[in-house]
Engineer: 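Right, I'll just put the structure down here and ask away after.
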Amino acid sequence: MKVRFNENEEIVNVIREGLEKSGGYCPCRRERIPENKCMCKEFRDQIADPSFEGYCHCMLYYKEK
Ligand code: SF4
């Protein structure tokens with residue numbers, strides 16, 4: 001299992017800027033709740049799921065099996 005940044009640097013930069021502006025909350029979500037702090041709960045659950053492979057919701061990260 002490996003978690004890496006999206007291979008597309010432009011996407012990574014846009015999401016990182018969004019995270020800076022939001023104070024670390026997921027730029028793709030409206031609610032400012034602890035579960036939405038990056039890495040959000042959804043992606044942490046996906047990392048913990050051995051059958052999951054793919055991008056996080058914002059496409060900042062990619063989880064390889
Ligand atoms: S892991 Fe991805 S989807 Fe989750 S908060 Fe961070 S950028 Fe958003």
Side-chain angles (χ1 to χ4, degrees):
M1 195 279 283
K2 196 177 134 189
V3 176
R4 59 164 173 81
F5 284 112
N6 190 325
E7 63 286 342
N8 184 325
E9 235 177 83
E10 226 173 283
I11 291 178
V12 170
N13 289 338
V14 168
I15 301 300
R16 278 180 153 173
E17 274 172 31
L19 280 165
E20 255 174 58
K21 282 188 200 145
S22 70
Y25 288 97
C26 187
C28 313
R29 294 184 171 98
R30 279 216 209 121
E31 282 181 299
R32 299 287 188 253
I33 52 172
E35 291 90 328
N36 289 350
K37 272 241 172 181
C38 193
M39 292 180 170
C40 59
K41 185 177 182 306
E42 180 188 73
F43 192 52
R44 281 185 274 120
D45 288 347
Q46 287 170 326
I47 290 171
D49 175 0
S51 67
F52 176 82
E53 167 141 15
Y55 293 101
C56 71
H57 188 79
C58 292
M59 294 183 75
L60 175 63
Y61 294 109
Y62 187 87
K63 184 208 164 194
E64 294 172 4
K65 270 191 202 165

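Whatever order the structure lists ligands and atoms in, that order sets their numbers, starting from 1.
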Engineer: Measuring to atom 4 (Fe) of ligand 1, does Cys40 have an N/O/S atom at a distance below 2.8 Å?
Structural biologist: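 It does: Cys40 brings an N, O or S atom closer than 2.8 Å to atom 4 (Fe) of ligand 1.
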Engineer: Tell me whether Cys28 and Cys58 have SG atoms closer together than 2.5 Å.
Structural biologist: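 With an SG-SG separation under 2.5 Å, Cys28 and Cys58 do form a disulfide.
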Engineer: Using the ring of each side chain (for Trp, its six-membered ring), is Tyr61 parallel, tilted or perpendicular to Phe43, with breaks at 30° and 60°?
Structural biologist: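 Ring orientation of Tyr61 relative to Phe43: parallel.
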Engineer: Ignoring hydrogens, what is the shortest heavy-atom contact between Met59 and Asn6? Give both atom names and the distance.
Structural biologist: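 That closest heavy-atom pairing would be O-ND2, 2.9 Å.
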Engineer: Do Glu35 and Arg29 pass the salt bridge (charged side-chain N to carboxylate O under 4.0 Å, His left out) test, and can you show the C-alpha distance, the side-chain angles, and the key distance before you say yes or no?
Structural biologist: CA-CA 11 Å; Glu35 291 90 328; Arg29 294 184 171 98; over 6 Å; no
Engineer: Pull out every atom of ligand 1 sitting under 4.0 Å from any heavy atom of Leu60, numbered as shown with elements.
Structural biologist: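 Matching atoms, with element in brackets: 7 (S).
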Engineer: Closer than 4.0 Å to some heavy atom of Cys56 - which atoms of ligand 1 meet that?
Structural biologist: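 Taking each heavy atom of Cys56 in turn, ligand 1 has 1 (S), 2 (Fe), 3 (S), 7 (S) under 4.0 Å.
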Engineer: Are His57 and Glu42 packed together at the side-chain level, in the sense that at least one heavy-atom pair is separated by less than 4.5 angstrom?
Structural biologist: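 SC-SC contact between His57 and Glu42 confirmed.
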Engineer: Can you name the closest pair of heavy atoms from Glu53 and Glu64 and give their distance?
Structural biologist: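 Of all heavy-atom pairs spanning Glu53 and Glu64, the closest is OE2-CA, 3.7 Å.
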Engineer: List ligand 1 atoms under 4.0 Å from Cys38, heavy atoms only on the residue side.
Structural biologist: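 Once the distances to Cys38 are compared, the set is 1 (S), 5 (S), 6 (Fe), 7 (S).
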Engineer: Determine whether any heavy atom of Arg44 lies closer than 4.0 Å to an atom of ligand 1.
Structural biologist: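 It does not; every heavy atom stays at 4.0 Å or beyond.
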Engineer: What protein heavy atom sits nearest atom 8 (Fe) of ligand 1, and how far off is it?
Structural biologist: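 Going atom by atom, the protein heavy atom closest to atom 8 (Fe) of ligand 1 ends up being Cys26 SG, 2.6 Å.
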Engineer: Does His57 bring an N, O or S atom to under 2.8 Å of atom 2 (Fe) of ligand 1?
Structural biologist: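 No, outside the cut-off.
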Engineer: Should the proximity of Tyr61 to ligand 1, defined as any heavy atom under 4.0 Å, be assigned to the side chain, the backbone, both, or neither?
Structural biologist: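 Near ligand 1, Tyr61 shows its side chain, while the N, CA, C and O stay back.
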Engineer: Classify the contact between Glu42 and ligand 1 as side chain, backbone, both or neither, using a heavy-atom distance cut-off of under 4.0 Å.
Structural biologist: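 Neither part.
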Engineer: Counting only heavy atoms not in Arg4, do more than 12 fall under 6.0 Å of its CZ?
Structural biologist: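 Yes.
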